[in-house]
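Counting convention: from 1, in listed order, for ligands and their atoms alike. Just so you know, these numbers come straight off a predicted model, no measurement behind them.
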Amino acid sequence: MSTICAISTPMAEGGISVIRISGENAVSIAEKVFKPFTCESVGSMAGYTCAYGQIHDGGKTVDDGVLTVFRAPHSYTGEDVCEISCHGGIYVTKRVLRLCLDNGCEPAQAGEFTKRAMLNGKLSLTQAEAVMDTIAAQGEYALASANLTRQGSLFGRIHEVSDKLVKLLGELAAWVDYPEEDLPAVEETALRESLENAVSVTDKLLADCDNGMLIKHGIDTVIAGRPNVGKSTLMNLLLGYDRSIVTEVAGTTRDVIEESAKLGELIFRLSDTAGIRDTDDRVEKIGVEMAEKRLDECMFVIEVFDTSVKPDEDDIALLEKVKSLGKRTLIVLNKSDLESAVEESFFKKYSDDIVYISAKNRDDRAQIQKAAEKIFTPENYDAHSTIFANERQRACLDKANRNLKAALEALGMGETLDAVTVMIDYAANSLLELTGEKATEAVVSEVFSKFCVGK
Ligand code: GDP
């Protein structure tokens with residue numbers, strides 16, 4: 001395999017930049033461009049050691065810096081790796097990169113270092129993907145989940161299921177293909193038990209995946225309520241800046257405004273919708289329909305009411321609708337600065353999570369955060385049981401789960417073991433594709449094409 005190099009730090013001015021070289025000629029190429037002051041030669045450097053020295057082009061100084069040497073297989077890629085840290089200017093960094101290229105390196109492709117790590121057995125495909133998630137993490141939960149996946153938690157959980165399926169397939173194949181041999185029959189009850197177990201584990205994994213999606217992309221949240229209760233004001237309070245138009249005219253928010261707000265460690269994707277009410281205005285009607293659709297799709301509803309007036313039929317219709325949809329909800333009784341005309345007990349019938357706030361008061365943001373954290377942590381939003389999966393992984397898991405369920409159904413309908421085996425085979429293959437143990441070259445290339453160069 002060729003020896004590759006790339007700039008591993010961002011292309012911007014900074015204190016230092018790192019140029020990474022990996023491959024069998026890494027040390028000899030580094031030797032040509034780096035003259036150590038603190039040891040005899042680059043070639044004599046052991047793994048996990050570094051030296052200060054001159055980065056030079058045929059003897060002419062380019063910069064001074066630090067060289068770190070990693071010896072195969074004890075490196076990120078599993079190959080010999082040298083990392084040159086130079087001053088963090090854009091020109092000087094590119095100059096050092098060119099020096100490495102001129103002395104025998106090939107330019108690395110996007111994600112090629114991590115791809116090599118995978119090919120050399122240092123990482124599974126899921127761990128490689130988690131490297132990308134670690135880089136992209138925007139909060140504590142996201143980082144904790146990515147770290148767990150990187151340490152192999154997802155791989156381990158999937159591997160356990162796929163291992164059992166592969167073993168089962170072996171037994172089934174032996175029994176079906178060699179009926180004349182005196183092999184023990186695959187008991188239908190035992191087979192059913194194994195499949196049920198695999199279905200329940202993959203069901204749980206899928207649910208955990210969905211939690212992971214929430215952490216990664218934010219909780220899909222709708223702010224609902226009839227016009228003029230203060231939804232836009234609340235949206236602005238949560239965002240920390242004025243995004244929605246706030247007016248005293250009912251029905252002003254006609255489209256659906258979407259923004260992300262971070263409350264503590266939780267990210268909410270907020271939709272401030274048109275108030276849901278009966279209306280003859282054609283444009284407002286479209287807004288109301290969009291609001292209802294968003295309500296159907298979302299994960300979490302913040303229901304807003306004006307405490308200074310008694311709940312009317314639109315308010316009750318909203319409460320009933322959200323309740324019937326079974327959504328997680330927070331009831332916000334807004335305009336607490338005005339005299340109250342509502343009974344809390346009335347709202348208690350719809351949710352245990354109720355806050356009194358004035359959306360005009362910045363300090364009340366903390367109350368919403370506290371209430372939201374209670375709803376989403378810790379049991380139902382635990383980073384430690386969460387899988388930080390991506391769409392590819394989820395699709396593989398889903399396919400495996402569907403095939404396992406189909407196999408169970410086929411078994412129940414008295415289909416032949418041959419037919420059941422085919423479905424178990426599909427399920428096992430999907431799981432092996434997920435972990436990368438049986439992923440095609442196309443899948444692997446697709447995964448790494450999303451990486452940055454230098455990683
Ligand atoms: P929306 O139609 O539900 O989006 O309501 P808006 O956010 O546009 O607010 C409607 C009106 O209520 C505006 O005049 C706001 O200034 C006012 N308003 C919003 N929140 C409060 C509050 O907490 N207290 C008081 N007194 N007025 C508020």
Side-chain angles (χ1 to χ4, degrees), residues 219-261 263 268-298 300-322 325 327 329-344 346-347 350-351 353-372:
I219 300 161
D220 186 3
T221 306
V222 162
I223 302 181
R226 67 181 162 82
N228 240 20
V229 292
K231 295 183 298 301
S232 303
T233 313
L234 176 65
M235 173 104 164
N236 292 341
L237 175 80
L238 296 179
L239 293 177
Y241 61 89
D242 286 355
R243 171 69 173 82
S244 298
I245 318 149
V246 178
T247 68
E248 284 161 21
V249 185
T252 342
T253 312
R254 294 187 163 173
D255 52 354
V256 177
I257 296 171
E258 292 193 325
E259 288 286 341
S260 283
L263 292 175
F268 292 86
R269 277 192 294 123
L270 301 172
S271 305
D272 178 11
T273 59
I276 294 174
R277 64 165 186 173
D278 258 342
T279 174
D280 291 331
D281 180 311
R282 220 159 56 84
V283 180
E284 197 188 341
K285 214 176 182 132
I286 296 171
V288 171
E289 279 166 18
M290 278 163 72
E292 290 196 322
K293 185 163 173 279
R294 289 288 298 113
L295 209 55
D296 280 343
E297 296 164 348
C298 74
F300 179 47
V301 188
I302 300 180
E303 293 176 84
V304 189
F305 303 92
D306 181 343
T307 41
S308 67
V309 293
K310 285 218 169 310
D312 70 3
E313 55 191 41
D314 285 335
D315 288 327
I316 296 168
L318 173 67
L319 286 161
E320 290 289 344
K321 179 161 177 119
V322 173
L325 290 171
K327 302 278 176 186
T329 181
L330 171 65
I331 291 180
V332 172
L333 301 178
N334 189 32
K335 309 198 186 181
S336 63
D337 51 311
L338 303 178
E339 200 176 327
S340 175
V342 303
E343 301 280 340
E344 189 177 321
F346 168 77
F347 292 97
Y350 296 96
S351 175
D353 299 295
I354 299 175
V355 282
Y356 280 97
I357 63 150
S358 167
K360 283 186 160 183
N361 180 0
R362 277 175 192 279
D363 294 341
D364 284 0
R365 189 178 192 273
Q367 283 200 62
I368 306 261
Q369 176 173 331
K370 206 167 145 210

| task | Evaluate the criterion side-chain contact (heavy atoms from CB on, under 4.5 Å) for residue pair I368 and I357; output intermediate values, then yes/no. | result | CA-CA 8 Å; I368 306 261; I357 63 150; 4.0 Å; yes
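- Annotation for ligand 1: atoms under 4.0 Å from non-hydrogen atoms of K231 are 1 (P), 2 (O), 3 (O), 4 (O), 5 (O), 7 (O).
- Between L338 and ligand 1, a contact under 3.5 Å exists for no N or O pair.
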| task | Please report the C-alpha distance between E303 and L330 in whole Å, then the side-chain angles of each, then the deciding distance to 0.1 Å, and finally whether the side-chain contact (heavy atoms from CB on, under 4.5 Å) criterion is met. | result | CA-CA 6 Å; E303 293 176 84; L330 171 65; over 6 Å; no
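- Which parts of ligand 1 touch D337 is read off a 4.0 Å heavy-atom cut-off, strictly below it: atoms 22 (C), 23 (O), 24 (N), 25 (C), 26 (N).
- Checked against a 3.5 angstrom limit, the closest N/O atoms of I357 and ligand 1 fall outside it.
- Distances shorter than 4.0 angstrom do not occur between any heavy atom of G225 and any atom of ligand 1.
- Side-chain polar atoms of R294 and S271 form a donor-acceptor pair below 3.5 angstrom.
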| query | Given V322 and Y350, is the side-chain contact (heavy atoms from CB on, under 4.5 Å) satisfied, shown in steps? | reply | CA-CA 9 Å; V322 173; Y350 296 96; over 6 Å; no
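- Looking at F305 and L318, their side chains come closer than 4.5 Å, going by heavy atoms from C-beta outward.
- Counting heavy atoms under 4.0 Å from ligand 1, residue N228 touches it through both backbone and side chain.
- Residue S358 has at least one heavy-atom neighbour below 4.0 Å for each of these atoms of ligand 1: 22 (C), 23 (O), 24 (N).
- At least one N/O-N/O distance between G230 and ligand 1 falls below 3.5 Å.
- Contact atoms of ligand 1 toward S232: 1 (P), 4 (O), 7 (O) (distance under 4.0 Å to a heavy atom of the residue).
- Partners of D363 under the side-chain contact (heavy atoms from CB on, under 4.5 Å) rule, at least two apart in sequence or in another chain, are N361.
- Only the side chain of N334 comes within 4.0 Å of ligand 1, judged by heavy-atom distances.
- Between K360 and D337, no side-chain nitrogen of the basic residue sits less than 4.0 Å from a carboxylate oxygen of the acidic one, so the salt-bridge criterion is not met.
- Under the ring pair (Phe, Tyr, Trp, His ring centres under 6.0 Å) criterion, F300 pairs with F268, F376, sequence neighbours left out.
- Close approach of ligand 1 to A359 is summarised as follows: ligand atoms under 4.0 Å from at least one heavy atom of the residue are 23 (O).
- The shortest N or O to N or O distance between S336 and ligand 1 is not below 3.5 Å.
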